[in-house]
Peer 1: 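Please see the structure below; I have some questions.
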Amino acid sequence: MKRQIPLVLVLIFGLFMVIQYFIPHESSEWIYEYLLDWITIIGVFALVLGIWSLFKVNYDKISQRKPDRGYSLVLLISLFATMFFGFFAKVDGSWGLHFSTADGLQSYMYRHAYEYIIRPIQSTIFSLLAFFIASAAYRAFRARNVLASLLLAAALIVMLRFNPYLGPLGDYISEAANWLLNVPNLAAKRAIVIGIGLGMVATALKVILGIERSYMGKG
Amino acid sequence: MTIFEKMMAIDRRWVFLLLAVVVVGTYAISFQIPIRINSEVRTIYEFVDKLKPGEIVYLGIDYDPSNQAELHPMAYAVMEHCFRKNLRIIFCTLSQYGPGMVDAAIKDITDSLKLDKTYNGIDYKGRELVNGIDYVFLGYKPYYALQILAMGQNFRLPFPIDYYGQPLDSRPMMQGVVNYKQVAVVIDLSGGNITDAWISYGQGRFNFPLALGTTGVMAADYYPYLNSGQVLGLMGGLLGAAQYEKLADNPGPAVDGMRIQVFAHLVIIAFIVLGNIGYFTAKRRRAKEGK
Amino acid sequence: MKPLLITVSLLSLMTAASFAQSDPPVEQPMATDSTMVASTPSITPPAPVSSLEAKDSPDDHGHSITLSWEPSADDGAGAATVTSYVIYHSTSPEGPFDSVGSAISGATTFTHSSAKESDAAGFLADYVDRYYRIDAVTADQTIRTPSSVVGPVQSSGQWYNDGRTPVAVAVAFFGLLSLFFLKRAKAGADLYVRPLGGIEAVDEAIGRATEMGKPILYVLGLGTASDISTIASFTILGRVAKRVAEYQTHLIVPCYDPIVMAVAQETVKAAYMDAGRPDDYKEDMVYFLTNSQFGYVGAVNGIMLRQLPATNVYMGKFYAESLLLAETGALAGSIQISGTDEVAQIPFFVVACDYTLIGEELYAASAYLGREPLLLGSLKAQDYAKAAVIICALLGALALNIAAASNATWGLTFKEFFKVTN
Amino acid sequence: MDFETFLWTTFGAFCTLAIFSFLYKDNPFYKFAEHLMVGTATGYFSVLLWHNSLYPNLFAKLADGNWYMLWLNSSAPWYLIPGLLGLLMWTRFSKQYSWMSRWPMALYIGISAGLAIPLEMSNRVNKQLYAMMSDISWGNFFGSGLFDPISGLSQVIILVGAIAALAYFFFSKAHTGAFGGLAKFGIWILMIGFGASFGYTVMARISLFIERVQFLNRSWIQVAFDSSNTNHHSGYIIAFLVVAMAILAYIVREIVAHLKKSENIS
């Protein structure tokens, strides 16, 4: 029971979705949209599990007096404060928690938490890539063998494509760079994409047929 | 540890530091770098440069703020160039989020034109730009393809009044200006499908000189039109904008951006080269010792 | 959530189309203005469109009629007089006709449809007789020529999408191929697979972690449980966790998505049971971090530098964070094995990791690690499918070029057979 | 910029610098910003999911406005099913019943897998195969107007390169002989493609850093020292200095620690 029912569910719903793709009729579309809603709703319910997990890991750190517990406290306070402000709003002249209207999204603290905490940190972490792309290039682009040399040469040519200090050579490099991007790069991507497509279909097929079931757990 | 082995194993924090210093340094200190001019940008510049004072340029600001970083420098460079040459501009935007941006740009260029400037060795006196005489701003209308076609009949069909609420006929500059026939060149700056509409519905139907400015990623797709002569010139991304700024001797944000990019790339390339020199020398030494 | 995206964008397109219907495309010029008349060249009425046809739109859910016509003779000639076509609709041949949209000059088709059942205003009922007329309109909106009326025509939904037949053929072909090889594998046929660098590294890396007494970090990426690459990653996690349990090393699995967390918990628990060490499984091995992309990266980077895992495994869906994670991992001195199906991120993993499973190799990994004949059988099916793709591509290119050389069109006909429409 | 906004900006600037400090090494500033980010972002997106997804997609359908009356007045009662499935996920809180959470999980994965099969086949295999069948302009090689061997050759390379790279992905065939040669050419093409993509991305990544430098300069440093801030002029500078001093103090501490360490070694 515990293992059979889930596998049967996977099979039935999987097969239905495959067939649905070929039926344009309204009724099939209606079920399709309804099922996608299911997925979304299950996902949001699961978020409670996620937040519980986050809370527990950090609460344990605090209660067991682990060395970095101060930061866990920062995390928990900011988590619950942001959630509180997301629901706390002034509606019809009185302050309160509002779950059924989206007024909380407009509240001062909630908006500022995004604008002045999430956004700067997010773009700064993203911008660390400027440095990491440099260090990765320095570390890995060594002409150790043919493959590494090809990788290195292609990257160097493309990186030099707008360098103004190369004189007439520059024109050739920028043309070569365009060629690399439009020809070998395209061929490589095409092959990878086809391979991925077949791999995906094979994996999905194995899941539906119950051959691949390690995600389902035991007992 | 020999010097070559050290070259192979530089602490990555030195890479970070040098990159940060170079980027911040080139950002803070303004200096000139050579910019290689591509012929497709030069043709646009020279076309505009040869126009006689009083001729009309149609400037389509058909992008939204998300492409501002790449395309705004082009718009500013072209505006400055045209107005200094005493050309007149018809501004128009076929992008929903364009109008506010164009209005702000016109205000900026009005301020900038009050100053005396010297470009390519020629002194230009500062002057006051007058709405309706030096430029008109038609505003925004949805369904760009339809508007491009309609303007081929008469600018007054889609835009009986301009952005500022003035009837087009009351604008001195628009006297006798009916459609593209009275316009010397159409310059379209866009980050999307509007470019295609200008080529097929605009240039294809009405056969006016068309110059394009696109984002860097898009540029490669429009070279065929350059070869077929449908498009007289093409500016691609920040690099294209920098080339126009350079040609007009008016270095601005695009040249600044390219300066930072060029040197940041050079830092990365230098480290790659350093690593490889170290690698090969160490390898050769090991091979020798092995013997 | 790609299908969702497609649905949403389709819906918004349809909504845009229904807006187009309510809004006259070009405003009326002020014809009374005297200067205006002086500067506008007079426009003669254009020729009407010809061969107007109206049909039920094919391969759809109904509520849609497709019109097609031959453009007006005055469309595109010189400074064309026709700038647009306005489509009129009525449920009776006598009218009254309402404008339902417009098409740009040069267009020869138009689809009259309703966005959604719920959109009552634009709702186009099925099985109702409809009549259409098209006006060829000049830039001056008042000068236009109507076509003759066509109809009646009815809309209806179809039960099979003809345009997707190539996909049906491909899925059926691949499905049968898979079943065939699964059967052969079950029967005990010996199936060879070539060695794969990244896979052999997994075992080595777990051994190394055990020796060093350091944990193994397994990152499932930014996918949700609806991404196939994440599902593939679960199965790899299962194999890795089993070895980890056997070696009695510590495993860390921080998650981005709560469902992924729940599934990963089940997977790891089952792996520990398989390895005969159910008591070694701890709830805090698999935990949830945050559902914000860069928050997740920041936190995982922190884990790498603080807990110094011996090995980092990245399998699943990765976006810009691929290099952020892999470089930090390299800084921490961990051995790194990665695999993703996100094409744009593969180069960064290749550069920064010790071993990378490129694209399809990610999907093959669980079969490799499991070494179960059934799973290997499906690898064989994948290979045959690739061979079929290569053969079709070559045949197609050959047909096109030979046909083009002899000025025949059968090359194109052959190619069109593979085209997926709609 | 008013003073209040400036204080918020200063906090944003502090977070920015704290994240950048990670490039030197893991440190208290980074830890603070990291944990703050995880907490705030999780809270932020959870609330967003409630307002934009769970409430309109489930409760609004079941309750017509009053979420606590969801057993009444429902316009779409069949939405009780996904609601119940969602609740089943919560059985994971109990050891005894947690197996029931596999039902919604199985549904989730089954639907996703079924959805993927035709969709990925169409988007990744059928459409790419269609694109691979190219009409190579042989005319470019053999006279007729422009002699353009590069573009003719390029089309051949795109086709052959893609086939070779596909050959590299064969799992059940050893890379030996002629097939091995083809697969080798395939991996070359892959590596060239990877190198080119890598090199192409550098520009965009540098731009991200430039944008952060601009933010710090224009929105923070220049505002702090803007003499037109007549009200609270000293406040702007004090706020700036607090952050600057904190970072300076940390740098000095690090240098001192470093010097002490090297003294001990010598």
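Numbers restart at 1 for each chain; the letters A, B, ... are given by sequence-line order, proteins then strands.
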Peer 1: Could you tell me which of D:Phe14, D:Phe20, D:Phe194 has the largest number of non-hydrogen atom pairs under 4.5 Å with chain A?
Peer 2: D:Phe20

Peer 1: With a 4.5 angstrom heavy-atom cut-off, which part of A:Leu54 approaches chain D: side chain, backbone, both or neither?
Peer 2: side chain

Peer 1: Check for a donor-acceptor pair, side chain of A:Trp179 on one end and backbone N or O of D:Ser154 on the other, with a separation under 3.5 Å.
Peer 2: no

Peer 1: Which one wins on heavy-atom pair count under 4.5 Å against chain A: D:Phe32, D:Tyr79, D:Tyr168?
Peer 2: D:Tyr79

Peer 1: Assess whether atom CZ of A:Arg119 is packed by more than 12 heavy atoms of other residues, nucleotides or ligands within 6.0 Å.
Peer 2: no

Peer 1: Would you tell me whether A:Asn185 and D:Tyr200 have side-chain atoms, one donor and one acceptor, within less than 3.5 Å of each other?
Peer 2: no

Peer 1: Do D:Trp103 and A:Trp38 have ring centroids that are under 6.0 Å from one another?
Peer 2: no

Peer 1: Show the nearest heavy-atom pair for residues D:Ala196 and A:Leu181, with the distance to one decimal.
Peer 2: O-CD2, 3.9 Å

Peer 1: Can you say whether A:Phe22 sits under 4.5 Å from chain D via the side chain, the backbone, both, or neither, judging by heavy atoms?
Peer 2: side chain

Peer 1: Heavy-atom cut-off 4.5 Å, strictly under: side chain, backbone, both or neither for A:Phe141 against chain D?
Peer 2: side chain

Peer 1: Counting only heavy atoms closer than 4.5 Å, note whether A:Val8 contacts chain D via side chain, backbone, both or neither.
Peer 2: neither

Peer 1: Locate the shortest heavy-atom distance separating D:Ile189 from A:Ala187; write the atom from each residue and the value.
Peer 2: CG2-CB, 4.1 Å

Peer 1: Which residue out of D:Ala165, D:Ala164, D:Pro82, D:Ser53 racks up the most heavy-atom pairs below 4.5 Å with chain A?
Peer 2: D:Pro82

Peer 1: Over 60° means perpendicular and under 30° means parallel, so tell me whether A:Tyr110 and D:Tyr44 are parallel, tilted or perpendicular.
Peer 2: parallel

Peer 1: First locate atom CG of A:Asp68, then atom NE2 of D:His35, and finally report the distance between them rounded to the nearest 0.5 Å.
Peer 2: 6.5 Å

Peer 1: For D:Tyr24, does the OH atom sit with more than 12 other heavy atoms under 6.0 Å from it, leaving out its own atoms?
Peer 2: yes

Peer 1: What option among A:Phe87, A:Phe132, A:Phe162 has the most heavy-atom pairs under 4.5 Å with chain D?
Peer 2: A:Phe87

Peer 1: I'd like to know which of D:Leu107, D:Ile157, D:Asn126 tops the heavy-atom pair count under 4.5 Å against chain A.
Peer 2: D:Leu107

Peer 1: Working note: A:Ile133 + D:Phe198, criterion side-chain contact (heavy atoms from CB on, under 4.5 Å); need CA distance, chi angles, decisive distance, verdict.
Peer 2: CA-CA 9 Å; A:Ile133 210 168; D:Phe198 188 100; 3.5 Å; yes

Peer 1: Using side-chain contact (heavy atoms from CB on, under 4.5 Å), reason through A:Tyr21 and D:Ser122 one step at a time and then give a plain yes or no.
Peer 2: CA-CA 11 Å; A:Tyr21 176 82; D:Ser122 160; 3.4 Å; yes

Peer 1: Does atom CZ of D:Phe93 have more than 12 heavy-atom neighbours, drawn from other residues, nucleotides or ligands, at distances under 6.0 Å?
Peer 2: yes

Peer 1: Using non-hydrogen atoms only, which part of A:Phe84 is less than 4.5 Å away from chain D: side chain, backbone, both, or neither?
Peer 2: neither

Peer 1: I need the residue from A:Ile12, A:Leu11, A:Leu128 with the largest number of non-hydrogen atom pairs under 4.5 Å to chain D.
Peer 2: A:Leu128

Peer 1: Which pair of heavy atoms, one from A:Leu49 and one from D:Met89, lies closest together, and at what distance?
Peer 2: CD1-O, 3.7 Å

Peer 1: Kindly compute the distance separating CD (A:Glu115) from OG1 (D:Thr9), expressed to the nearest 0.5 Å.
Peer 2: 9.0 Å

Peer 1: Counting distance only, does the side-chain N/O of D:His51 pair as donor-acceptor with the main-chain N or O of A:Gly86 below 3.5 Å?
Peer 2: yes

Peer 1: Is there a side-chain contact between D:Arg102 and A:Ile5, using heavy atoms and a 4.5 Å cut-off?
Peer 2: no

Peer 1: Among A:Asn58, A:Val146, A:Ile125, A:Leu75, who wins on heavy-atom pairs under 4.5 Å with chain D?
Peer 2: A:Leu75

Peer 1: Under 4.5 Å heavy-atom distance to chain D, tell me which part of A:Val18 shows up: side chain, backbone, both or neither.
Peer 2: both

Peer 1: Within a strict 4.5 Å, meaning less than it, do heavy atoms of the A:Leu105 and D:Val47 side chains meet?
Peer 2: yes

Peer 1: With only heavy atoms counted, which part of A:Asn182 is less than 4.5 Å from chain D, the side chain, the backbone, both or neither?
Peer 2: backbone

Peer 1: Tell me if a side-chain donor or acceptor on A:Tyr34 pairs with a main-chain N or O of D:Trp78 at a distance below 3.5 Å.
Peer 2: yes

Peer 1: Give, for atom CG of D:Leu115 and atom CZ of A:Phe13, the distance between the pair rounded to the nearest 0.5 Å.
Peer 2: 13.5 Å

Peer 1: More than 12 heavy atoms of other residues, nucleotides or ligands under 6.0 Å from CZ of A:Phe80: is that the case?
Peer 2: yes

Peer 1: Heavy-atom distance under 4.5 Å to chain D: side chain of A:Ala177, backbone, both or neither?
Peer 2: neither

Peer 1: In terms of heavy-atom proximity below 4.5 Å to chain D, should A:Val44 be classed as side chain, backbone, both, or neither?
Peer 2: side chain

Peer 1: With a 4.5 Å cut-off on heavy-atom pairs, point out which of A:Ile192, A:Leu198, A:Val207 contacts chain D the most.
Peer 2: A:Ile192

Peer 1: Can you tell me which of D:Ile187, D:Ile117, D:Leu166, D:Thr42 forms the most heavy-atom pairs within a distance under 4.5 Å of chain A?
Peer 2: D:Ile117

Peer 1: Over all heavy atoms of both residues, which pair between A:Pro184 and D:Ile192 is shortest? Give the atoms and the distance, please.
Peer 2: CB-CG2, 3.8 Å

Peer 1: Among A:Leu186, A:Ile117, A:Ile77, who wins on heavy-atom pairs under 4.5 Å with chain D?
Peer 2: A:Ile117

Peer 1: With only heavy atoms counted, which part of A:Gln122 is less than 4.5 Å from chain D, the side chain, the backbone, both or neither?
Peer 2: both

Peer 1: For A:His98, check side-chain hydrogen bond (donor to acceptor under 3.5 Å, both in side chains) against everything at least two apart and list the hits.
Peer 2: none

Peer 1: State, to 0.1 Å, how close A:Arg190 and D:Ala162 come at their nearest heavy-atom pair, and which atoms those are.
Peer 2: CB-CB, 4.4 Å

Peer 1: Between A:Val48, A:Leu9, A:Leu35, which residue shows the highest count of heavy-atom pairs closer than 4.5 Å to chain D?
Peer 2: A:Val48

Peer 1: Nearest 0.5 Å, what's the CD-CD1 distance between A:Gln20 and D:Ile111?
Peer 2: 11.0 Å

Peer 1: If I measure from the heavy atoms of chain D, does A:Leu15 come under 4.5 Å with its side chain, its backbone, both, or neither?
Peer 2: neither

Peer 1: Looking at D:Asn57, D:Val160, D:Asn52, D:Ile206, which makes the most heavy-atom pairs under 4.5 Å with chain A?
Peer 2: D:Asn57

Peer 1: Among all residues two or more places apart in sequence or in another chain, which pass the side-chain hydrogen bond (donor to acceptor under 3.5 Å, both in side chains) test with A:Arg139?
Peer 2: C:Glu327

Peer 1: How close do A:Ser123 and D:Arg212 get, heavy atom to heavy atom, and via which atoms?
Peer 2: OG-NH1, 3.4 Å

Peer 1: Can you tell me which portion of D:Leu48 sits under 4.5 Å from chain A's heavy atoms? Options are side chain, backbone, both or neither.
Peer 2: both

Peer 1: With a 4.5 angstrom heavy-atom cut-off, which part of A:Leu147 approaches chain D: side chain, backbone, both or neither?
Peer 2: both

Peer 1: Let me know if A:Ile51 has heavy atoms under 4.5 Å from chain D in its side chain, its backbone, both or neither.
Peer 2: side chain

Peer 1: With side-chain contact (heavy atoms from CB on, under 4.5 Å) as the criterion, how do D:Arg205 and A:Phe131 come out once you've worked through the C-alpha distance, each side chain's angles and the decisive distance to 0.1 Å?
Peer 2: CA-CA 8 Å; D:Arg205 300 303 185 237; A:Phe131 297 95; over 6 Å; no

Peer 1: Calculate, to the nearest 0.5 Å, the distance between atoms OG and NZ belonging to D:Ser197 and A:Lys189 respectively.
Peer 2: 4.5 Å

Peer 1: Taking atom CZ of A:Phe45 and atom CG of D:Leu54, what is their separation to the nearest 0.5 Å?
Peer 2: 5.5 Å

